[in-house]
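Scroll down for the structure; my scribbles are underneath it.
Note: hydrogens, waters and symmetry copies are ignored here, and every other heavy atom, side chains too, is used. Note that the structure is predicted; figures quoted are calculated from it, not measured. Per chain, numbering begins at 1; letters A, B, ... match sequence-line order.
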There are 2 protein chains.
Amino acid sequence: MQFQQLLYFVAVAETRHFTHAAERVHVSQPSLSQQIRALETELGAELFSRARGNIGLTEAGEALLPLARRILADADTARQEVQELAQLRRGRVRLGATPSLCTGLLPEVLRVFHDRHPGIRLLIEEGGSHDLVRQLARGALDLALIVLPLPPGSPALTTVELLQEDLVVVSAASGKPPRRPARIADLRDQPLVMFRHGYDLRELTVAACRAAGFEPGFTVEGGEMDAVLGFVRAGLGVAVVPSMVAGRAGPGFRVTPLADPGLRRTIALAHRSDVAPPRAARELQRVLLDSRE
Amino acid sequence: MQFQQLLYFVAVAETRHFTHAAERVHVSQPSLSQQIRALETELGAELFSRARGNIGLTEAGEALLPLARRILADADTARQEVQELAQLRRGRVRLGATPSLCTGLLPEVLRVFHDRHPGIRLLIEEGGSHDLVRQLARGALDLALIVLPLPPGSPALTTVELLQEDLVVVSAASGKPPRRPARIADLRDQPLVMFRHGYDLRELTVAACRAAGFEPGFTVEGGEMDAVLGFVRAGLGVAVVPSMVAGRAGPGFRVTPLADPGLRRTIALAHRSDVAPPRAARELQRVLLDSRE
DNA sequence: TGATCTCCATAGTCAAAGCCTATGGTGCGC
DNA sequence: GCGCACCATAGGCTTTGACTATGGAGATCA
């Protein structure tokens, strides 16, 4: 059984005429006759009663017709569905990102992408780089925005550096102004508001303090970016955050840059090396990279 | 798009392994790879993410999979339906017969046929030969039991003589016994009970009377076979019926054969010449012809 | 680190399938 | 009765799909 045989069969059933049916499906009449005959032979039953000037369906033909129509319709649907996915009219991208990027970089980029491809659903997974890398490897994400360098033992990922973020110190506007520019060592005697485990910022800040020779003390820890900023504004302590986040934090904050060499982190776009990302993900990747300019 | 491509696709989707899938569908692995690739090219999208040791469906593949399964299932259903029709496990026969045959010959023959092919529906159309011939030509009947000769102007039908019926005179057992054997001429002065228009017996009896030189008179006319016999038993008149019908008419009747040459009619099985009857009809035809022995 | 193994892709060959044109054969109508 | 309409058949050609053999890349283990 072949799709074109079913197509020819339906054409004959509807025109009740071999020659006309052949024209409709754009083959010669003998080709059509031959295929109908092949289908009949395979199925083991005549499908048409071939009377002069009166082609009619046999009972077997009547039984086959609705199924043939449905099969052909399903095949059309399949073609269309897949093409819509390929043409970015439908689909999804599963993007992982660190929490700070979700509030900083992503909103604008995703708006641009969504305007361009309104049919693509965007599924955002917020998490630390470590988790995101695991999910990439498992195939649960198409792309992820992670902090370089990759954690040791990472699977084969391809990364493209996207941007470098400077980290700054935020404190309550109402409190005593810190030295400007700040130094890491200044944090030794400062109460710190710290993110929950999983934030790359936590590991990075703690590592920097230890490199400067002290263990940082936290007044509050846990909570997401918004909560941390709220605690800082309330005067519970200072925090180290990306400058992009601090810049949009609103009033009530004092933002203090760090003296050279400061703290920076490199944000990269990562995907599995062994599999090309889906079409929609490649498109989002392009938009992300373009957004740097 | 081809059925085998969908079959291979489903096999790979389910095994997540090209080599195993190839074994399952009994082709070599390169053939399967090639067909999958052809399908992907035609649809314009990759269907699988081919990572070492971890074959997975892409979004396009996910979209295609349920449709592919349904198409393959429909194709199987189609094959099975048609084969069941061909193997006489299902189906129908549309049989036309004259009313007298419906009560005489058919019940036993149809019982035999039904015992042999319980899945075949039997649709009986009762009518005069003229009507039956028209319905055969229109394709509304597969087979018909008609009275020979065919009406003038009949379309091309193939007929096989089935049996010859002797006609006899039936009268009420309570009445005056007629001459035995009877002659057509005896009917001149007899009140006749006559069938409705459309019965071949009516045309045949009237024609015989006219050939004998008189116009028959009817006390009652119209009604089916059972009604006519009822009228006869009630003493309203005599009737000319097939001997087979008279024999099973029950008590209350006197059956009188006609003197030579008598009246006979030839019952034949007819179908269109231009189209072979469907399988189930041919089978019923065989059973009918066998029933003569 | 390198030899081996697994597994999918590629190359080349061959038989079969499908389409074409030309032609045959059979009812139907003028 | 001759042509006409229409489906079937025949023969040739191109394409396709299957096979075997081989390549190449990642995983595995000594």
Side-chain angles (χ1 to χ4, degrees), chain A residues 1-9 11-43 46-58 61 137 139 153-158 272-276, chain B residues 1-9 11-42 46-58 61 136-139 153-158 271-276:
Chain A
M1 193 184 300
Q2 309 248 321
F3 281 105
Q4 87 251 47
Q5 292 173 342
L6 296 181
L7 188 72
Y8 299 172
F9 164 73
V12 175
E14 289 179 354
T15 59
R16 308 180 85 79
H17 202 289
F18 276 65
T19 306
H20 296 171
E23 287 166 12
R24 191 167 112 179
V25 298
H26 305 111
V27 292
S28 67
Q29 169 266 313
S31 297
L32 181 135
S33 283
Q34 182 185 332
Q35 289 302 307
I36 295 288
R37 184 65 76 191
L39 183 59
E40 288 176 327
T41 302
E42 181 190 337
L43 293 176
E46 302 256 312
L47 298 170
F48 295 106
S49 61
R50 295 160 166 82
R52 287 281 144 192
N54 185 21
I55 303 287
L57 284 167
T58 62
S154 293
L157 296 183
T158 300
R272 288 168 73 179
S273 304
D274 54 359
V275 176
Chain B
M1 194 184 300
Q2 311 243 322
F3 281 105
Q4 88 249 44
Q5 291 173 342
L6 295 181
L7 187 71
Y8 299 173
F9 164 74
V12 175
E14 289 180 352
T15 59
R16 308 180 86 78
H17 202 290
F18 276 63
T19 305
H20 296 171
E23 287 168 12
R24 191 168 111 178
V25 297
H26 305 111
V27 292
S28 68
Q29 168 265 316
S31 298
L32 180 135
S33 283
Q34 182 184 333
Q35 290 300 308
I36 295 288
R37 183 65 77 192
L39 184 58
E40 288 176 326
T41 303
E42 180 189 337
E46 303 256 313
L47 297 171
F48 296 105
S49 61
R50 296 161 166 81
R52 287 281 145 195
N54 185 21
I55 302 287
L57 284 168
T58 63
L136 273 179
R138 275 176 29 215
S154 294
L157 297 182
T158 300
H271 62 81
R272 287 167 72 178
S273 304
D274 54 1
V275 176

Charged N-O contact under 4.0 Å between A/E42 and A/R37: no
For the atom pair CD (B/E23) and CD (B/Q29), what is the distance rounded to the nearest 0.5 Å? 10.0 Å
With a 4.0 Å limit, can you tell me whether [X] has a side-chain N or O closer than that to the phosphate oxygens OP1/OP2 of [N]?
X	N	value
A/S28	C/dC19	no
A/Y8	C/dC19	yes
A/T19	D/dC6	no
A/H17	D/dC7	yes

Taking the nucleotide of DNA chain C with the closest heavy atom to each, which residue, B/Q29 or A/H26, is nearer the 5' end? B/Q29
With heavy atoms under 4.0 Å as the rule, sort B/Q5 into base, sugar-phosphate or nothing. nothing
Base, sugar-phosphate, or nothing: which does B/S33 touch, judged by heavy atoms less than 4.0 Å apart? sugar-phosphate
Please check if the side chain of B/T58 supplies one atom and the backbone of B/S49 the other of a donor-acceptor pair under 3.5 Å. no
Please determine whether any donor N or O and acceptor N or O are separated by less than 3.5 Å between the side chain of A/Q34 and the base of D/dA8. no
Heavy-atom distance under 4.5 Å between the side chains of B/T15 and B/R24, does that happen here? yes
Kindly assign one of parallel, tilted or perpendicular to the pair B/F48 and B/F18, based on the angle between their ring planes and the thresholds 30° and 60°. perpendicular
Round to the nearest Å and state the distance from [X] atom [atom1] to [N] atom [atom2].
X	N	atom1	atom2	value
B/L47	C/dA9	CG	C1'	16 Å
B/H20	C/dC8	NE2	C1'	12 Å
B/I55	C/dC7	CD1	P	11 Å
A/F18	D/dC6	CZ	P	13 Å
A/R50	C/dG25	CZ	P	19 Å
A/L32	D/dC6	CG	C1'	13 Å
A/E23	D/dC7	CD	C1'	14 Å
A/L7	C/dC19	CG	P	11 Å

If you check every side-chain atom of B/V27, which of C/dA9, D/dA18, C/dG18 has the closest atom? D/dA18
For the side chain of A/Q4, starting at C-beta, report the closest nucleotide among C/dC7, C/dG18, D/dC6. C/dG18
